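Structure first, then comments.
It should be emphasised that the depicted structure is a prediction, and the values quoted were computed from it without experimental measurement. Proteins come first, then strands; the chains are lettered A, B, ... in the order of their sequence lines, and each starts at number 1.
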Protein chains: 2
Amino acid sequence: MRIKALNPVHERTQNIMAFPRSDKFDHELLCLADTARALSHPGRLAILALLARRNECICGDIVEELPLAQATVSQHLKVLKEAGLIIGTIEGPRICYCVDWKAFEKAASGLANWFSGIQSRTSCS
Amino acid sequence: MRIKALNPVHERTQNIMAFPRSDKFDHELLCLADTARALSHPGRLAILALLARRNECICGDIVEELPLAQATVSQHLKVLKEAGLIIGTIEGPRICYCVDWKAFEKAASGLANWFSGIQSRTSCS
DNA sequence: TTATCTTATCGTATAGCGACGATATATATG
DNA sequence: CATATATATCGTCGCTATACGATAAGATAA
């Protein structure tokens, strides 16, 4: 039973961590901002690093490792899932989380491209 | 009259946009999270892009270009300044903003390094 | 000095985030 | 079915972010 990442990185986040229906800005900027927002908490960065290191974790593993309560970890996992960066697989009574590498790379290259795009737009280096 | 970026990217943000209870996580993660947070609003991304495109802007230019009020733009500029990404230069009655490219590149490579570090920590590619 | 221009700051309102205890949900096992 | 395990969700609290009008602060020009 595979649970896909809720949102591909090229779409907007839907529930949590979504900007108030701001049609004021480009879709691209909104997506990048969403990605950055998903990465804007040290706990979520630590979760991603842990998932990468161990290849996969259940929620309890993460709770053991991080200085956060179970409910808090679960909330961060939800944010990461909605950002499309991680995947949850149901394995009996527990849920096995792992990084969605495809989406992760997409997010990484999205940010990297924006950075280099910005940098190339200057004349004085 | 040069006003340096308030905080180098390798230090923590001080006033606005700083995480509470920062002693729970690694300094590195906190810095990365701060950087991501500074980039987590489409308006700030748009401001950075605009500054890169025009090389430099006064606040009024940005207000003209973005769908945000002057006070709001000024607040975003403050966040970017505190994140160490932009520099303000006083020129008579106005303040000329430009990207702090050195810090910008540091932020970019910091994120890129984290991404590749994460990606290299997996066995199943 | 006075008027003008530009930007920062203040005050305020609303919404969102972060954290966690408590509880509900879901799955397996006895 | 009852119990144990694992996780999501709920409810709540305090704090932070976003936004903007109004005002203050700074520099310049008349």
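Side-chain nitrogen and oxygen atoms of A:Lys78 include none within less than 4.0 Å of the OP1 or OP2 phosphate oxygen of D:dT7. Taking side-chain N and O atoms only, B:Arg37 has no distance below 4.0 Å to OP1 or OP2 of C:dC17. The side chain of A:His76 contributes an N or O atom lying less than 4.0 Å from OP1 or OP2 of C:dA19. In terms of phosphate contacts, B:Thr72 brings a side-chain nitrogen or oxygen within less than 4.0 Å of OP1 or OP2 of D:dC20. Contact annotation: B:Arg94 does not reach the phosphate of D:dT28 (side-chain N/O to OP1 or OP2, under 4.0 Å).
A:Leu66 places its CG atom 14 Å from the P atom of C:dG18, with the value rounded to the nearest Å. Rounded to whole angstrom, the span from the CD atom of B:Gln70 across to the P atom of D:dA25 amounts to 15 Å. Atom-to-atom, CG of B:Leu45 to C1' of D:dT18 comes out at 15 Å; the value is rounded to the nearest Å. D:dT7 atom P lies 10 Å from atom CD of A:Glu91, rounded to whole Å. Taking atom CD1 on A:Ile95 and atom P on C:dT25, their separation rounds to 15 Å, with Å as the unit. The separation between B:Leu80 atom CG and C:dT7 atom P is 16 Å, rounded to whole Å. To the nearest angstrom, P of C:dC17 lies 9 Å from CD of A:Gln75. Following rounding to the nearest Å, B:Ile90 (CD1) and D:dG26 (P) show an atom-to-atom distance of 10 Å.
Nearest to the side-chain atoms of A:Arg44 among the listed nucleotides C:dG18, C:dG21, D:dT7 stands C:dG18. The side chain of A:Ile58 sits closest to D:dT7 out of D:dT7, C:dT27, D:dT28.
In this structure a side-chain-to-backbone donor-acceptor pair under 3.5 Å is present from B:Ser109 to B:Glu105. Of the possible polar contacts, one joining the A:Asp61 side chain to the A:Ile58 backbone as a donor-acceptor pair under 3.5 Å is found. Panel note: side chain B:Ser40, backbone B:Arg37; a donor-acceptor pair is recorded below 3.5 Å.
Below 30°, between 30° and 60°, or above 60°: for B:Phe25 and A:His41 the angle between ring planes is above 60°, a perpendicular geometry.
Closest-nucleotide positions on DNA chain C for A:Gly92 and A:Pro67 were compared, and the one nearer the 5' end corresponds to A:Pro67. When each of B:Ala71 and A:Leu68 is assigned the nucleotide of DNA chain C with its nearest heavy atom, B:Ala71 is the one assigned upstream, toward the 5' end.
Of the candidates B:Leu51, B:Asp100, B:Thr35, B:Leu39, B:Leu85 forms a side chain to side chain contact (heavy atoms under 4.5 Å, CB included) with just one, namely B:Leu39.
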